[in-house]
Amino acid sequence: MPVEIERKFLVDHQIVAEYLTDGVLMEQGYISTSTVSTVRVRIAGTTGYLTIKGKPIGLTRSEFEYEVPLEDAREMLDTLCGNRVSKWRYRVVSGDHTFEIDQFLGDNAGLIVAEVEMRSECETVLIPDWISNEVTGDHRYSNS
């Protein structure tokens with residue numbers, strides 16, 4: 001079963017600014033959110049995705065992601081999703097890890113969050129100086 005093991009952090013806007021180049025514009029919405037699973041549709045650049053995520057257990061949860069035709073993703077966003085999020089995503093390598101940095105737009109403008117995926121929950125991650133606070137597990141910072 002495919003799994004996602006990740007930690008999430010707030011980012012210091014001033015320090016990280018120099019790293020935010022070559023971003024991808026994303027729009028995503030949620031078809032379903034519950035205590036058991038989340039179903040999301042996303043357009044990243046010109047590619048559509050449908051993602052199903054399971055309930056987190058610690059830092060780990062199941063994640064199934066499938067590329068879908070762009071037109072289908074747009075239709076799902078327009079007709080099935082009430083809660084939508086727009087953001088720029090950047091990838092920044094730090095040590096042995098790649099951090100995905102999301103700079104939010106719209107109602108969440110000003111918020112910048114970084115996520116790092118790991119191979120195991122006990123893996124050590126070198127935290128860059130542009131990270132301010134860890135918010136892993138804090139539902140206020142969940143896109144859904």
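In this chain, numbering begins with 1 at the start of the sequence shown. Keep in mind that what you see is a predicted model, and the values were worked out from it rather than measured.
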Could you tabulate the donor-acceptor pairs under 3.5 Å formed by side-chain atoms of residues 48-59, not counting sequence neighbours?
residue : atom : partner : partner atom : Å
T51     : OG1  : R40     : NH2          : 3.2
T51     : OG1  : E65     : OE2          : 2.8
K53     : NZ   : E4      : OE1          : 3.4
K53     : NZ   : E4      : OE2          : 3.2
K53     : NZ   : E63     : OE2          : 3.4

Exercise. State, to 0.1 Å, how close R7 and V125 come at their nearest heavy-atom pair, and which atoms those are.
Key: NH1-CB, 4.1 Å
Quiz item: M76 versus V68: any side-chain heavy-atom pair under 4.5 Å?
Solution: yes
Practice problem: Sequence neighbours left out, what pairs pass side-chain hydrogen bond (donor to acceptor under 3.5 Å, both in side chains) with at least one residue falling in residues 8-18? | Solution: K8-E115
Exercise. With sequence neighbours left out, write down each residue that passes salt bridge (charged side-chain N to carboxylate O under 4.0 Å, His left out) with E6, or none if nothing qualifies.
Key: none
Quiz item: Is the closest side-chain heavy-atom distance between L80 and V41 below 4.5 Å?
Solution: no
Quiz item: In terms of the angle between their ring planes, are F99 and W130 parallel, tilted or perpendicular, with boundaries placed at 30° and 60°?
Solution: perpendicular
Exercise. Answer whether the closest heavy-atom distance between the side chains of C81 and I31 falls below 4.5 Å.
Key: yes
Self-check item: Derivation of the side chain to side chain contact (heavy atoms under 4.5 Å, CB included) call for V113 and V11
Solution: CA-CA 6 Å; V113 175; V11 172; 5.7 Å; no
Exercise. Go through T47 and E67 one step at a time and tell me if the side chain to side chain donor-acceptor pair (under 3.5 Å) criterion holds.
Key: CA-CA 7 Å; T47 307; E67 194 170 317; 5.0 Å; no
Exercise. Measure across G45 and V24 and return the closest heavy-atom pair with its distance rounded to 0.1 Å.
Key: N-CG1, 3.4 Å
Practice problem: Taking the side chain as every heavy atom from C-beta outward, state whether L70 and I43 have any pair of such atoms under 4.5 Å apart. | Solution: yes
Exercise. Indicate the atoms forming the closest heavy-atom contact of L77 with G29, along with that distance.
Key: CD2-N, 3.3 Å
Quiz item: Is it true that L20 and W88 fall in one hydrophobic cluster, defined by side-chain heavy atoms closer than 4.5 Å?
Solution: yes
Practice problem: Output all residues satisfying salt bridge (charged side-chain N to carboxylate O under 4.0 Å, His left out) with E123, sequence neighbours left out; order by chain, then residue number. | Solution: R119
Donor-acceptor list for residues 103-112 side chains, cut-off 3.5 Å, not counting sequence neighbours:
residue : atom : partner : partner atom : Å
Q103    : OE1  : Y90     : OH           : 3.2

Quiz prompt | Sequence neighbours excluded, every pair satisfying salt bridge (Lys or Arg N to Asp or Glu O under 4.0 Å) that has a member inside residues 68-79 | solution = D78-R84
Quiz item: Only one of I101, N133, V135, V116 forms a side chain to side chain contact (heavy atoms under 4.5 Å, CB included) with F9, so which one is it?
Solution: V116
